[in-house]
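Basis for what follows: all heavy atoms, side chains included, without hydrogens, waters or symmetry-related copies. Being a predicted model, the structure only gives us computed values, none of them experimental.
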Amino acid sequence: MHKLPTIVTGRLVLRPFTLSDAADVQRLAGEWAVADTTSNVPHPYPDGAAEAWIGGHAERFARREIMVLAVTLRDGGELAGAISLALRDHDDKAELGYWMGVPFWNRGYCSEAARALVTYGFEQMRLHRIYAFHFARNPASGRVMQKAGMTCEGALRQHVKKWERYEDLVAYGILRSEHEK
Ligand SMILES: CC(C)(COP(=O)(O)OP(=O)(O)OC[C@H]1O[C@@H](n2cnc3c(N)ncnc32)[C@H](O)[C@@H]1OP(=O)(O)O)[C@@H](O)C(=O)NCCC(=O)NCCS
């Protein structure tokens, strides 16, 4: 399995990014509100960073490091966000991550994408465990994890430093056996 997949859900198409998405990525991920609760989105979002990020996706997937997909609307094809599984093959596990552009928040899109990726991870990639972390002050992301069937596994106090502030992380996970139930 070397090519990034395309996954279709009720309202979304999760597909590989192309360089023509770069301007939309810079505009959507470039919003302060998106960078604020993610551990790795730069702010301000530098020119050329989206092209460099997208340009690495195919190779990083081929090396089984990470599967990054664009979250797009089935109706019209607009780019709404990004979702990923960072692979840890040694343990047959992967870390789920995502961001959505602010105009697309609170319509259930991220939960729909997360459910699809969890299903894909267990059924197509044969993963054993999928896990994710969110900042404690970002409960919307916790809801996405719950709606993807994940269980809260605890908190890591002041585990990361973001913009000179220590952030508590909340950990979620789901096992293959739970998904199959
Ligand atoms: C977190 C994020 C991905 C959610 O995307 P989304 O498409 O709006 O998510 P959904 O619509 O599927 O679900 C959001 C849920 O959070 C709830 N929610 C929204 N704001 C909330 C708040 N302040 N407190 C509690 N719940 C909240 C919504 O009501 C919804 O739950 P519901 O369906 O039970 O009503 C989006 O806000 C985002 O991209 N934020 C910035 C980047 C980020 O934080 N990424 C995740 C890093 S772990």
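- Counting Ile, Leu, Val, Met, Phe, Trp and Tyr side chains that sit under 4.5 Å apart, directly or through other members, Val160 shares a hydrophobic cluster with Tyr131, Phe133, Phe135, Leu156, Leu169.
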Item to check | Step-by-step side chain to side chain contact (heavy atoms under 4.5 Å, CB included) determination, Asp24 to Arg27 | outcome: CA-CA 5 Å; Asp24 287 335; Arg27 176 175 54 83; 2.9 Å; yes
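- A donor-acceptor pair under 3.5 Å is formed between the side chain of Arg74 and the backbone N or O of Thr9.
- In this structure the side chain of Lys147 never reaches within 4.5 angstrom of the side chain of Cys110, judged on heavy atoms.
- Distance check, rounded to the nearest 0.5 Å: CG of Leu117 to CE of Met125 gives 8.0 Å.
- Residues Gly81 and Phe17 approach most closely at O-CZ, 3.8 Å, considering heavy atoms.
- More than 12 non-hydrogen atoms from other residues, nucleotides or ligands lie less than 6.0 angstrom from CG of Asp91.
- With rounding to the nearest 0.5 angstrom, the CG atom of Leu85 is 14.0 Å from the CD atom of Glu65.
- Between Glu112 and Val71, every side-chain heavy-atom pair lies at or beyond the 4.5 Å cut-off.
- Rounded to the nearest 0.5 angstrom, Ile130 CD1 and Tyr120 OH are separated by 12.0 Å.
- Residue Val13 is not grouped with residue Leu4 when hydrophobic side chains (ILVMFWY) are merged at heavy-atom distances under 4.5 angstrom, including chains of intermediate members.
- Rounded to the nearest 0.5 angstrom, Ser84 OG and Leu14 CG are separated by 11.5 Å.
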Next on the checklist: With side chain to side chain contact (heavy atoms under 4.5 Å, CB included) as the criterion, how do Tyr98 and Ser141 come out once you've worked through the C-alpha distance, each side chain's angles and the decisive distance to 0.1 Å?
Outcome noted: CA-CA 9 Å; Tyr98 42 74; Ser141 186; 2.8 Å; yes
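- Between His179 and Glu123, some side-chain heavy-atom pair lies under the 4.5 Å cut-off.
- We find the CG-CZ distance between Leu87 and Arg63 to be 12.0 Å, quoted to the nearest 0.5 Å.
- Counted within 6.0 Å of CD on Glu180, heavy atoms from surrounding residues, nucleotides or ligands total more than 12; the atom is thus considered enclosed.
- The CG atom of Asp21 sits 13.0 Å away from the CD atom of Gln26 when rounded to the nearest 0.5 Å.
- If you chain together hydrophobic residues whose side chains sit under 4.5 Å apart, Leu19 and Leu28 fall into the same group.
- No donor-acceptor pair closer than 3.5 Å links the side chain of Glu31 to the backbone N or O of Val102.
- Exactly one residue among Arg157, Lys161, Arg137 makes a salt bridge (Lys or Arg N to Asp or Glu O under 4.0 Å) with Glu167. That residue is Arg137.
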Checklist entry - So Met150 and Leu96, side chain to side chain contact (heavy atoms under 4.5 Å, CB included) or not? Walk me through it. => result CA-CA 11 Å; Met150 304 172 93; Leu96 177 69; 4.2 Å; yes
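- Trp99 approaches Ala80 most closely through the heavy-atom pair CZ3-O, 4.4 Å.
- Between Thr6 and Pro16, the shortest heavy-atom contact is OG1-CD, 3.5 Å.
- Using a distance-only test at 3.5 Å, with no hydrogens or angles considered, a donor-acceptor pair links the side chain of Arg176 to the main chain of Phe122.
- With contacts defined as side-chain heavy-atom distances shorter than 4.5 Å, the pair Phe104/Leu73 qualifies.
- Nearest heavy atom pair, residue Gly77 against residue Thr72, reads O-CB, 3.8 Å.
- At distances below 3.5 Å, at least one donor-acceptor pair connects side-chain atoms of His43 with backbone N or O atoms of Gly30.
- In the hydrophobic cluster analysis, where Ile, Leu, Val, Met, Phe, Trp and Tyr join through side-chain heavy atoms closer than 4.5 angstrom, Leu175 is grouped apart from Met145.
- The shortest heavy-atom contact between Leu12 and Ala113 is CD1-N, 3.8 Å.
- In summary, of the residues considered (Asp168, Thr37, Val170, Val144), a side-chain contact (heavy atoms from CB on, under 4.5 Å) with His134 occurs for Val170 alone.
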Next on the checklist: Please evaluate residues Lys162 and Thr38 with respect to the criterion side chain to side chain contact (heavy atoms under 4.5 Å, CB included), reporting the C-alpha separation (whole Å), side-chain torsions for both, the decisive distance (0.1 Å), and the verdict.
Outcome noted: CA-CA 9 Å; Lys162 167 86 182 188; Thr38 51; 4.2 Å; yes
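- Nearest heavy atoms, Ala148 versus Ile174: O-CD1, 4.2 Å.
- In the hydrophobic clustering of ILVMFWY residues, with side-chain heavy atoms under 4.5 Å counting as a link, Val8 and Ile83 come out apart.
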